[in-house]
S.K.: 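Here's a structure for you.
Computed from a predicted model, the values in this text were never measured in an experiment.
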Amino acid sequence: MKTTAELKAEAKAALKGQWGQAVILNLIPTLLTVAVMFFVVLSGVIWFFIYGSSGDMITSVADYHQNNASGGGTSLVTMIISALFMSGISWTYLDLLRGERTQIEPLKDAFRGFQGVFIGGVILLALLTNIFTTLWSFLFVIPGIVKAYAYSQSYFIYYDQIQQTGEKPKVLDTITASRRLMDGHKGRLFWLDLTFIGWYFLVALTLGIAYLWVAPYISATKAAFYEDLQAHI
């Protein structure tokens with residue numbers, strides 16, 4: 001198995017000459033997220049000015065709590081959209097590492113997860129892995145974290161199955177395959193994540209700006225990790 005340093009070196013090599021496009025690739029979902037957040041905040045402000053000062057305090061408070069109750073639904077939608085974007089972006093870096101492509105096409109690659117052949121499976125993967133992880137978390141936090149690492153390769157496996165066979169695999173089978181692939185390697189991926197802590201501090205110091213460069217580095221390294229796992233099956 002390759003060391004953490006070797007995986008990071010592979011990621012850097014794959015991104016060499018591609019950093020500008022990689023930044024744009026990660027900027028697209030970021031800008032869309034900011035736009036959605038702005039719309040939500042603006043809607044809240046408009047709602048307040050229309051209903052908050054209407055004088056009907058009881059109705060206003062009831063409506064406020066009813067709107068807040070939909071927060072869980074908003075979080076779920078955000079989680080699904082994030083999974084659709086991040087799966088497509090991760091697959092792009094995997095293709096680069098494998099030499100199956102030499103260029104990143106930001107406007108096209110950012111939306112790969114939204115394509116008809118992938119979108120249904122990615123949504124189901126996001127929902128089921130989230131549900132399973134949450135249920136395990138009820139047994140304390142650590143089992144939930146362990147399961148999150150066990151399911152972490154699901155999106156890569158789903159992509160590979162479609163690319164290799166042309167058919168959509170069953171989502172539960174994909175999750176099971178990820179769990180088996182990660183057997184004995186969860187600690188290794190956990191350590192890999194820990195080695196990026198310094199970069200996250202840099203992101204915080206730059207008010208998130210550095211994330212545009214850090215995110216491609218991390219995603220490409222995670223793709224290299226998956227490729228290394230597959231090479232040792």
S.K.: Strictly distance-based, threshold 3.5 Å: is any side-chain N or O of D228 a donor or acceptor partner for the main-chain N or O of A224?
M.R.: no
S.K.: Show your reasoning for whether side chain to side chain contact (heavy atoms under 4.5 Å, CB included) applies to L25 and K108.
M.R.: CA-CA 9 Å; L25 177 62; K108 179 181 178 181; over 6 Å; no
S.K.: Step through the shown structure and confirm whether more than 12 heavy atoms of other residues, nucleotides or ligands are within 6.0 Å of CG on L205.
M.R.: yes
S.K.: Answer whether the closest heavy-atom distance between the side chains of T195 and K8 falls below 4.5 Å.
M.R.: yes
S.K.: For residues W91 and Q163, determine if any side-chain heavy atom of one lies less than 4.5 Å from a side-chain heavy atom of the other.
M.R.: no
S.K.: Report, as yes or no, whether the 6.0 Å neighbourhood of atom CH2 on W19 holds more than 12 heavy atoms from other residues, nucleotides or ligands.
M.R.: yes
S.K.: Answer yes or no on whether K170 is positioned over the face of Y158, meaning its NZ or CZ is under 6.0 Å from the six-membered ring centre and within 45° of the axis.
M.R.: no
S.K.: Could you tell me whether the side chain of S178 and the main chain of T174 form a donor-acceptor pair under 3.5 Å?
M.R.: no
S.K.: Between R101 and Q103, is there a donor-acceptor pair closer than 3.5 Å when you use the side chain of the first and the backbone of the second?
M.R.: yes
S.K.: Atom OG1 in T4, atom CG in D193: separation rounded to 0.5 Å?
M.R.: 10.0 Å
S.K.: Within the structure provided, determine whether L125 and Y151 are in side-chain contact (heavy-atom separation under 4.5 Å).
M.R.: no
S.K.: Is there side-chain contact between K12 and Y217, with at least one heavy-atom pair below 4.5 Å?
M.R.: yes
S.K.: Report yes or no: does T133 contribute a side-chain atom to a donor-acceptor pair with the main-chain N or O of N130 at less than 3.5 Å?
M.R.: no
S.K.: Is W136 atom CH2 crowded by more than 12 heavy atoms from other residues, nucleotides or ligands, each under 6.0 Å away?
M.R.: no
S.K.: Under a 3.5 Å distance rule, please check whether T206 uses its side chain to pair with a backbone N or O of A210 as donor and acceptor.
M.R.: yes
S.K.: Membership question, hydrophobic clusters at under 4.5 Å side-chain separation (ILVMFWY): are F138 and F140 in the same one?
M.R.: no
S.K.: Taking the six-membered ring for Trp, are Y211 and Y200 ring centroids under 6.0 Å apart?
M.R.: no
S.K.: Find out whether V214 and F196 are in side-chain contact, i.e. whether some heavy atom of one side chain is under 4.5 Å from a heavy atom of the other.
M.R.: no
S.K.: What are the two closest heavy atoms between L127 and L76, and how far apart are they?
M.R.: CD2-CD1, 3.5 Å
S.K.: So which atom in L84 and which in G113 form the shortest heavy-atom distance, rounded to 0.1 Å?
M.R.: CD2-O, 3.3 Å
S.K.: Is the closest side-chain heavy-atom distance between Q230 and L181 below 4.5 Å?
M.R.: yes
S.K.: Could you tell me if the side chain of V117 sits less than 4.5 Å from the side chain of K168, heavy atoms only?
M.R.: yes
S.K.: Looking only at side chains, do R112 and S87 share a donor and an acceptor under 3.5 Å apart?
M.R.: no
S.K.: Go through the structure and list residues passing side chain to side chain donor-acceptor pair (under 3.5 Å) with Q21, not counting sequence neighbours.
M.R.: none
S.K.: Of all the heavy-atom pairs spanning L27 and L212, show the shortest one and how long it is.
M.R.: CD1-CD2, 3.8 Å
S.K.: If Ile, Leu, Val, Met, Phe, Trp and Tyr residues are connected whenever their side-chain heavy atoms lie under 4.5 Å apart, and connections chain through other members, are F156 and L128 in the same group?
M.R.: yes
S.K.: Tell me if a side-chain donor or acceptor on T102 pairs with a main-chain N or O of L96 at a distance below 3.5 Å.
M.R.: no
S.K.: List the steps and the verdict of salt bridge (Lys or Arg N to Asp or Glu O under 4.0 Å) for D173 and R180.
M.R.: CA-CA 10 Å; D173 289 345; R180 290 173 178 170; over 6 Å; no
S.K.: Can a donor-acceptor pair be found, under 3.5 Å and without considering hydrogens, that links the side chain of S90 to the backbone of M86?
M.R.: yes
S.K.: Short question: side chain of S152, backbone of Y149 - any donor-acceptor pair under 3.5 Å?
M.R.: yes
S.K.: Aromatic rings Y159 and F118: how do their planes relate, parallel, tilted or perpendicular, breaks at 30° and 60°?
M.R.: tilted
S.K.: Could you tell me whether the side chain of L15 reaches within less than 4.5 Å of the side chain of Y93, counting heavy atoms only?
M.R.: yes
